[in-house]
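What follows is a short report on a single structure.
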Amino acid sequence: MPGKKSGSLFILYGCLLFLILDGCQITPADVAPTEHVSLPRPTETTAPVVDVSNAYVISEPAIRREAVLSATGAFLREADPRLSDEELSAEYTTLAFSCNCLTQPMPAMIDREDTLAVISLPDGLGLFLYDFNMGGNIPAFELSRWTVGLSVLQVSWGEDEVVVGYGTKGNDDLVRVHALLAVKDESGWRTAWLGDEAPGWWFNAVGGQLNLAPDRSLLTVSGSADGTTQVFYETEEVCRAFNVDWQRVGNTYVSVPPMPQDSVRMEWLWEVAEPSPYATLVEFVERLQVGDVDGAGALAADPDVLSTAADFGLTLSQRRYQVLGIEPEQIVFRDLQGTFVADFQPPVAEQGKWLITGIHPPGGNTSNEN
């Protein structure tokens, strides 16, 4: 049966071919993709760094603050070293102001020393220290966050320490001076002393000026203070100015001489008062009223001044006077019992006190000669 045998062979060959083709079946991994797939390009950072201009635009306060600090660090790190601090401050200010969203559009102020920088940020975002020696993603160190109205910045750099003085202008248009000492140890930077928290700092810091000794051993605050005497009615225009020294002791500052709170405060005020005709007149009358004739005499250019003052009753306690006018070398003052004119001569020595040359009624003899 040849036909039947040929059919069987055909079936056998078909089965063998099926098995061979099944064993050589192409898998999906061997198939080239038919669609183009976009793969992400490698980048240096996973998120772009926000620049100064865009950082200030951010509305959420916490995110904005961190973005500004990061952008500021990049700005300072990449700054052209040939630029002065003033030029760099102006460049940063322009970038920050370009957002047109600042509620406190005060300019930035930058002070650099090698790889260190102190910057006051616009919009009252604070005063910060950047130390690029520390490496890594080190955040800026906050020196103060109370910087609205900051208009003056003074920095004195030392080895692993910095003294920062600054002034903020309030709604009353008066500058308030501040100072702090920051030191660096193995754990990083820290604020060792803050003048705002020191007893007595605010005595004459409103409307005052701050002077930093080059070696940071001494801070001097010069400013007026009213209501410091009981013998004159004082105002913002008529009051004494005082120079208060703050001496460095370790990592803090203390007032020298110490600022008392008791009965000897009057004497301390005499010592720290800035020389002026009014300061001499206040001290002269106060000494007379407490019976310190010798001390009052040291403020008179002629002994007859004391006898004239006694004749006018200036030695009587509880008398309180009002200043009517102040000229460079003359003061007119009065109380309920009379009006008087005091004449003065300038100090002979530097930081010496003005001396009274005569006391007389208005229009009377300007000397003590008979």
Side-chain angles (χ1 to χ4, degrees), residues 44-45 47-58 64-169 175 177-184 188-189 191 209-216:
E44 294 182 357
T45 57
V49 176
V50 179
D51 61 23
V52 171
S53 300
N54 290 324
Y56 280 93
V57 175
I58 298 173
R64 182 191 195 219
R65 182 179 186 272
E66 293 305 314
V68 167
L69 292 179
S70 175
T72 301
F75 174 87
L76 292 172
R77 189 187 296 273
E78 299 167 3
D80 187 343
R82 295 171 297 181
L83 293 178
S84 68
D85 289 344
E86 292 75 16
E87 292 171 329
L88 192 63
S89 299
E91 181 178 322
Y92 186 97
T93 298
T94 300
L95 292 173
F97 280 34
S98 66
C99 74
N100 296 318
C101 62
L102 305 185
T103 59
Q104 300 289 335
M106 55 192 219
M109 293 187 179
I110 300 172
D111 193 297
R112 294 171 295 172
E113 177 72 11
D114 295 330
T115 56
L116 301 170
V118 168
I119 179 171
S120 64
L121 298 175
D123 224 19
L125 292 184
L127 184 67
F128 290 87
L129 169 66
Y130 284 84
D131 184 351
F132 297 112
N133 286 319
M134 300 186 69
N137 187 23
I138 302 298
F141 175 69
E142 183 180 81
L143 298 172
S144 175
R145 66 180 56 190
W146 313 112
T147 60
V148 172
L150 193 147
S151 57
V152 179
L153 179 65
Q154 306 175 62
V155 181
S156 179
W157 298 97
E159 184 176 356
D160 291 336
E161 69 175 31
V162 60
V163 172
V164 181
Y166 59 101
T168 56
K169 184 175 291 187
V175 174
V177 295
H178 316 260
L180 61 88
L181 168 65
V183 297
K184 183 181 181 181
W189 287 92
T191 300
Q209 294 182 336
L210 178 67
N211 182 63
L212 307 180
D215 61 356
R216 298 166 302 285

Quick check: do Leu153 and Leu127 have side-chain heavy atoms less than 4.5 Å from each other? yes

Hey, could you give me the CG/CD distance between Leu150 and Gln104, rounded to the nearest 0.5 Å? 11.5 Å

Does a side-chain heavy-atom distance below 4.5 Å link Tyr130 with Arg77? no

Give a yes or no answer on whether the side chain of Asp114 reaches the backbone of Leu116 with a donor-acceptor pair at less than 3.5 Å. no

Nearest atoms (heavy-atom pairs only) where Cys101 meets Arg64: SG-NH2, 4.4 Å

In Å, rounded to the nearest 0.5 Å, how long is the span from CZ of Arg145 to CG of Leu121? 12.5 Å

Between Ser70 and Glu66, is there a donor-acceptor pair closer than 3.5 Å when you use the side chain of the first and the backbone of the second? no

Quick check against the 3.5 Å criterion: does Ser98 have a side-chain atom that pairs as donor or acceptor with the backbone of Leu95? yes

Considering all heavy atoms of both residues, which atom of Pro122 and which atom of Met106 are nearest to each other, and what is their separation? CB-O, 3.2 Å

List the atom of Ile58, the atom of Ala67, and the distance in Å for their closest heavy-atom pair. CD1-CB, 3.5 Å

Just by modelled atom types, is the Val162 backbone N or O under 3.5 Å from a matching donor or acceptor in the Arg216 side chain? no

For a 4.5 angstrom cut-off between non-hydrogen side-chain atoms, does Thr168 reach Val148? no

I'd like to know if the side chain of Ser53 reaches the main chain of Cys99, judged simply by a donor and an acceptor atom lying under 3.5 Å from each other, with no hydrogens or angles considered. no

Aromatic plane relationship, Tyr92 with Tyr56 - under 30° parallel, 30 to 60° tilted, over 60° perpendicular: perpendicular

Closest non-hydrogen atom pair between Phe141 and Ala182, with its separation: CE2-CB, 4.5 Å

How long is the span from the CG atom in Leu125 to the CD atom in Glu142, to the nearest 0.5 Å? 10.5 Å

Between CG on residue Leu181 and OG1 on residue Thr191, distance to nearest 0.5 Å: 8.5 Å

Would you indicate whether the side-chain heavy atoms of Phe128 and Leu69 approach each other to under 4.5 Å? yes

Just wondering, do Leu76 and Leu88 contact through their side chains at under 4.5 Å, heavy atoms? yes

Would you say the side chain of Thr147 lies within less than 4.5 Å of the side chain of His178, judging by non-hydrogen atoms? no

Heavy-atom nearest pair, Leu210 first then Gly165, reads CD2-CA, 3.6 Å

Side-chain contact test, heavy atoms from C-beta onward, threshold under 4.5 Å: evaluate it for Leu143 versus Tyr166 and give yes or no. no

In this structure, NZ of Lys184 is separated from CG of Asp160 (nearest 0.5 Å) by 6.0 Å

Interatomic distance, CD@Glu86 vs CD1@Ile110, rounded to 0.5 Å, equals 10.0 Å

Donor-acceptor pair, distance only, cut-off 3.5 Å: does the side chain of Asp85 make one with the backbone of Arg112? yes

Flag if over 12 foreign heavy atoms under 6.0 Å of CD, Gln209: no

